[in-house]
Amino acid sequence: MVRKLIKKDSSILDQTTQVAFDKCIPLFATIETTLGCNYSCVHCYNFDRSSSMPENIKGRPLKKEEFIRVIDELCDAGAFYISFTGGEALLYPHIYSLIERVIHNKSMPRVKTNGHLLTEEVCNKLYKAGCRALDISIYGADEKSYKNFTGMADGYNKVLEGVKRALSFDMEINFNIILHKDNCMDIGKLIKLAETLGVPYQFSDEVTARYDGTESSQDFGITPDQYNELLKGPHKDLFWHDNSEESFQCSCARNVVGIGLDGVVYPCIGAPIPSGDLKEHSFKDIWNDSQEFKKIRELKKEDFSDCVVCEFKHQCNRSSGSAFVNAENYTGCDPMALRVAQVRHKNKDSF
Amino acid sequence: MLLTKILSQREDIAWKEIDEQIILMDLGPKKMVHRLNSVGSFIWKELNGKNDLAAIMSAVCAEYSISKELAEKDLLEFIGNMEKLGVIVGS
């Protein structure tokens with residue numbers, strides 16, 4: 001009767017993720033804690049950081065007590081991984097209390113950070129609060145690249161110091177390497193950096209329009225010519241994408257959810273479709289009853305009408321959030337993803 | 001193992017019940033992930049630092065309508081496994 005009470009295999013998390021997708025359990029939640037940032041990245045999706053923050057970009061930020069209630073409600077609904085993001089999440093003064101609350105609820109806190117502020121004191125506070133995992137964005141393989149992209153003169157060295165310090169606290173670190181037109185040809189150096197530090201990595205080559213409606217961020221995306229070169233280079237497999245299964249839907253509102261700093265709930269933090277307000281309703285009510293969420297969950301393959309007839313669909317890795325941000329059409333074509341898919345299609349015989 | 005023993009989940013174990021199965025994640029240096037079936041999940045939730053093993057055994061008997069002997073045998077096996085994994089501690 002009580003045999004094999006415990007299973008241990010490497011696919012447990014994959015299987016759990018699939019169960020959460022099928023049953024619409026918000027396993028992965030991202031909470032935006034601040035829009036403030038010590039960097040002024042040219043590609044930032046929040047707003048154009050060459051200007052001051054638009055006053056109307058968000059409503060009233062949640063208070064600490066409200067964030068804590070939201071964390072409790074998320075955990076009750078099944079959130080196991082709760083990521084704090086920004087802006088720069090470490091600039092939020094109550095970040096440690098929020099991490100403690102996630103731990104109190106027996107879930108897993110993660111912090112998405114640029115890594116610049118990982119001093120001994122900050123690492124110590126994170127560790128004491130219970131944080132054991134950081135997702136660190138990496139913007140370049142040298143100081144010049146960092147300066148041009150983030151506006152921070154000593155960013156590269158500061159981040160490396162921070163990474164090494166966090167590793168000494170036994171933190172699990174993942175690099176999210178942001179590829180753009182000025183650093184994509186340094187890919188070998190970026191990989192070597194991660195491997196030398198023993199840190200797992202993933203790439204993000206997607207630069208979207210901004211949530212404030214400006215689009216100049218996209219000027220910094222990898223160009224088609226550069227993509228073509230990357231698809232012929234020594235790391236070409238990293239840039240290939242096989243979508244022969246014709247999968248167009250993502251995890252939005254199924255096992256993923258995003259919470260804005262003003263309490264607005266989104267299908268994903270990368271898909272800014274307002275779907276409820278936690279100042280007015282409980283998370284459970286929004287998750288179960290939001291009309292936007294219901295529509296997304298009911299989407300069928302044929303609803304992605306641009307995609308099903310597209311010549312480049314088997315090489316496209318569109319995300320619905322990016323399609324919404326770039327073209328204001330959640331189920332439509334993302335012109336940025338299409339541009340990349342066309343280059344992949346041209347190179348398909350090499351894969 | 002004495003049934004008067006009181007055990008509890010280690011403080012820094014993250015866990016969540018998903019579809020009647022508990023996923024455990026050891027946030028310590030091992031960073032291991034484990035999954036318990038529904039009966040293991042039931043026992044895990046009883047390991048709260050208040051119930052002794054005898055009380056948990058009775059709860060298992062009542063919940064799953066099995067004999068005391070079988071419940072004790074399987075409970076102790078489960079506890080042994082949990083101790084080997086280091087995810088429970090004595091209170």
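In what follows, chains are A, B, ... by sequence order, proteins preceding strands, each numbered from 1.
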What's the spacing between [X] [atom1] and [Y] [atom2] if we round to 0.5 Å?
X: B:Lys16; Y: A:Tyr81; atom1: NZ; atom2: OH; result: 11.5 Å
X: A:Gln15; Y: B:Ile23; atom1: CD; atom2: CD1; result: 8.5 Å
X: B:Asp12; Y: A:Arg132; atom1: CG; atom2: CZ; result: 6.5 Å
X: A:Leu27; Y: B:Ile18; atom1: CG; atom2: CD1; result: 5.0 Å

Quick one: are B:Val33 and A:Thr16 in side-chain contact, heavy atoms under 4.5 Å?
no
Quick check for you: among A:Ser107, A:Gly130, A:Ala20, which has the greatest number of heavy-atom pairs under 4.5 Å with chain B?
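When all of A:Ser107, A:Gly130, A:Ala20 are compared, A:Ser107 has the most.
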CA sep, side-chain torsions, deciding dist, call: A:Leu13, B:Met25, side-chain contact (heavy atoms from CB on, under 4.5 Å)
CA-CA 10 Å; A:Leu13 291 180; B:Met25 185 168 284; 3.9 Å; yes
Between B:Ile13 and A:Lys106, does a side-chain contact (heavy atoms from CB on, under 4.5 Å) hold up when you go through it step by step?
CA-CA 7 Å; B:Ile13 299 294; A:Lys106 300 293 177 189; 6.0 Å; no
So, the part of A:Ala79 with a heavy atom under 4.5 Å from chain B: the answer is backbone
